[in-house]
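Remarks on the structure that follows.
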Amino acid sequence: MAYDWDRLSVPASLPWFEEKWARRSDPHCFSGVWRFHELLPFVPVADCVTIGEGQTLLQCSNGVAEYVGVSSGNLYLQYEGMNPSGSFKDNGMSAAFTHARFVGATRAACASTGNTSASLALYCCVTKLMRAVIFVGSGKIAYGKLSQALDYGALTVQIAGDFDDAMARVKEVSSKLGIYLVNSVNPFRLEGQKTIMLRVLEALRWEVPDWIVVPGGNLGNSSAFGKAFYELKELGLIDRVPRLAIINAAGANTLHRLVDEEGLVWNGGRPDARLIQKFYQTMDSEGRRASTIASAIEINRPVNLEKCLRALDVCDGVVREVTDQEMLDAKAQVGAGGLGCEPASAASVAGTKQLVQEGVIGRNERVVCILTGHQLKDPTATVAYHTTDQQLFNDVLGKRGVRRAAFANRAVVVPNDLDEIIKAIQLYS
Ligand SMILES: *Cc1c(COP(=O)(O)O)cnc(C)c1O
């Protein structure tokens, strides 16, 4: 999506947006998405739908800094779990939902690993503007997320298959029935997600950090971030662009393999389509399917692949993969620092650790890791990590190659006896 900026009124500097703080009683100034409306003006601001998304926090975490190996004061966590539905998806949903209403839709659909459906279901039930139809793969959705879709009253269709199967079906069904599709292919979602970067800059007093590190699933975030920085630079609102690191799960590493092994690049807008096609053909013929504890990024064919290549180009980006073990250890460190996140989010922290070890990220560089989803989205993974129950550990994590829980905070098991309880507390505290 490209704007004709010359015909729009764009602020002369980013601090101009601070003026909106004084007008927070206006929902469009309160929204962490729409208070930046001038940078995503695809419909008039009065028509923009908001449920209070984007009230997020950029936390400087010295615990996580130490864990990943950067100097104190240089590691920031952008906590998108604070959104109304508990993940960054609300940024994009407010924008896609706005467009859906603008074109007169009455039903909206998505295929989802969970958070998009939770978000869509929430926008539908809060605003009563549309009916939500949600496609999920069977057994592939964390309970925290499924419970949201059900509670919020969305029509939930469970397909016998994985995310990519659900995705293929929802496309067919939407075009047959004329239902508005809010999946990651929807370009308006990316417009909303650009504002995550604007809030990061805002929290850093409009100073551009050295690195943005983000988990890579369908690659909507990374594409949106690249677009945000490209536009800000074009508009003269920033003087340099940060570097971007996109982190795949090792069990869902399409981007990593295509970029780092096959040499796929943006190539001025002409990425090698045959290379991509061949990669997917081989994936299918070998029966390779994405498999990771980080269900939010358990994706074979990222729908925003090409846009993401552009973001890598714009931001001099790098791609890495991290194992489930690395993600869960990083997640425990994030939790110990006081925010907590779901497994996929911790890919950003695990990826940063790897890049610092490689010397790609310098110890004294300023790094922002995006925490994409709330800790309570996937309690199963968290409890299994900390558990003393070997069976539970094996069932949830062991089968995925996780061998140990280096930072487990194990519950202390005591008999129901006052003296024993007191003894245990004195022993352990
Ligand atoms: C959707 C999602 C992702 C993946 O983001 P993309 O934009 O699809 O790459 C990562 N983490 C969480 C928690 C998500 O919900």
Side-chain angles (χ1 to χ4, degrees), residues 56 77-83 85-93 95-96 110-120 122 136 140-142 144-146 148-149 163-164 166-167 182-187 189-194 196-197 212-228 244-249 252-256 290 292-309 311-312 317 319 321-322 327 330-331 334 339-351 369-378 381-382:
T56 55
L77 302 171
Q78 170 65 14
Y79 191 41
E80 289 293 320
M82 285 171 79
N83 274 290
S85 82
S87 85
F88 79 84
K89 297 295 198 298
D90 294 346
N91 293 283
M93 196 56 67
C110 69
S112 176
T113 60
N115 281 332
T116 301
S117 49
S119 183
L120 173 61
L122 185 60
V136 296
K140 292 285 185 181
I141 177 169
K145 307 175 188 184
L146 183 57
Q148 288 179 287
F163 169 80
D164 295 76
M167 182 71 218
V182 296
N183 258 100
S184 315
V185 285
N186 182 307
R189 281 187 46 197
L190 303 193
E191 292 305 298
Q193 287 166 217
K194 289 193 308 193
I196 299 170
M197 291 301 102
I212 301 289
V213 190
V214 62
N218 263 318
L219 306 176
N221 255 346
S222 41
S223 301
F225 297 174
K227 187 171 191 283
L244 181 66
I246 307 173
I247 315 300
N248 270 168
N253 60 358
T254 297
L255 182 71
H256 165 66
T292 166
I293 187 79
S295 55
I297 53 175
E298 190 175 42
I299 283 157
N300 296 297
R301 288 173 162 72
V303 299
N304 291 300
L305 176 62
E306 298 198 357
K307 290 179 183 173
C308 167
L309 294 174
L312 287 169
V319 181
E321 61 172 358
V322 293
M327 265 187 280
K331 176 176 140 20
V334 171
L339 286 180
C341 63
E342 62 170 285
S345 310
S348 59
V349 172
C369 294
I370 312 301
L371 296 184
T372 45
H374 198 281
Q375 181 186 35
L376 298 179
K377 289 284 191 173
D378 188 357
T382 308

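If you're wondering where the values come from, they're calculated on a predicted model, not measured in any experiment. As the structure lists them, so they are numbered: ligands from 1, and atoms in each ligand from 1.
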Subject >> CA sep, side-chain torsions, deciding dist, call: K377, N115, side-chain hydrogen bond (donor to acceptor under 3.5 Å, both in side chains) >> reply: CA-CA 9 Å; K377 289 284 191 173; N115 281 332; 2.8 Å; yes

Subject >> Derivation of the side-chain hydrogen bond (donor to acceptor under 3.5 Å, both in side chains) call for T113 and E298 >> reply: CA-CA 8 Å; T113 60; E298 190 175 42; over 6 Å; no

Subject >> G216 neighbourhood, listing ligand 1 atoms whose heavy-atom distance to it stays under 4.0 Å >> reply: 9 (O)

**OP:** List every atom of ligand 1 that sits less than 4.0 Å from any heavy atom of K89, numbering the atoms from 1 in the order shown and giving each element.
**Re:** 1 (C), 2 (C), 3 (C), 14 (C), 15 (O)

**OP:** Report the part of L219 (side chain from C-beta onward, or backbone N, CA, C, O) that has a heavy atom under 4.0 Å from ligand 1; answer both or neither where that applies.
**Re:** backbone

Subject >> Spatial distance of atom CZ (R189) from atom OG (S119) [nearest 0.5 Å] >> reply: 7.5 Å

Original post:
Is I297 touching ligand 1 with its side chain, its backbone, both, or neither, if touching means heavy atoms under 4.0 Å apart?
Top reply: side chain

Original post:
Among all protein non-hydrogen atoms, which one is nearest to atom 5 (O) of ligand 1, and what is the separation to 0.1 Å?
Top reply: F88 CZ, 3.5 Å

Original post:
Between atom OG of S222 and atom CG of L255, what is the distance when rounded to the nearest 0.5 Å?
Top reply: 7.0 Å

Original post:
Taking NZ, NE, NH1 and NH2 as the nitrogens, is one of them in K145 or E342 under 4.0 Å from a carboxylate oxygen of the other?
Top reply: yes

Original post:
So which heavy atom in the protein is nearest atom 8 (O) of ligand 1, and how far is it from that ligand atom?
Top reply: N218 N, 2.8 Å

**OP:** Report, in ascending order of atom number, the atoms of ligand 1 lying under 4.0 Å from any heavy atom of A344.
**Re:** 11 (N)

**OP:** Please say whether A296 places an N or O atom under 3.5 Å from an N or O atom belonging to ligand 1.
**Re:** no

Original post:
Considering only heavy atoms, does K377 approach ligand 1 within less than 4.0 Å through its side chain, its backbone, both, or neither?
Top reply: neither

Subject >> For G220, the ligand 1 atoms whose distance to one of its heavy atoms is below 4.0 Å >> reply: 6 (P), 7 (O), 8 (O), 9 (O)

Original post:
Of all the heavy atoms in S184, does at least one lie under 4.0 Å from an atom in ligand 1?
Top reply: no

Subject >> Atoms of ligand 1 close to E342 [distance to a heavy atom under 4.0 angstrom, numbered from 1] >> reply: 13 (C)

Subject >> Chi angles and distances behind the side chain to side chain contact (heavy atoms under 4.5 Å, CB included) call for L244, I246 >> reply: CA-CA 6 Å; L244 181 66; I246 307 173; 4.1 Å; yes

Subject >> Spatial distance of atom CG (N304) from atom OG (S223) [nearest 0.5 Å] >> reply: 4.5 Å

Subject >> Distance filter under 4.0 Å to G373 heavy atoms, resulting ligand 1 atoms >> reply: 13 (C)

Original post:
For atom 11 (N) of ligand 1, which protein heavy atom lies nearest, and how many Å away is it?
Top reply: T372 OG1, 2.8 Å

Original post:
Can we say E191 and K227 salt-bridge, meaning some charged N sits less than 4.0 Å from an Asp/Glu carboxylate O?
Top reply: yes

Original post:
Roughly how far apart are K89 NZ and L120 CG, rounded to 0.5 Å?
Top reply: 12.5 Å

Subject >> Top protein contact for atom 7 (O) of ligand 1, by heavy-atom distance >> reply: N221 N, 2.8 Å

Subject >> Step-by-step side-chain hydrogen bond (donor to acceptor under 3.5 Å, both in side chains) determination, N248 to E321 >> reply: CA-CA 5 Å; N248 270 168; E321 61 172 358; over 6 Å; no

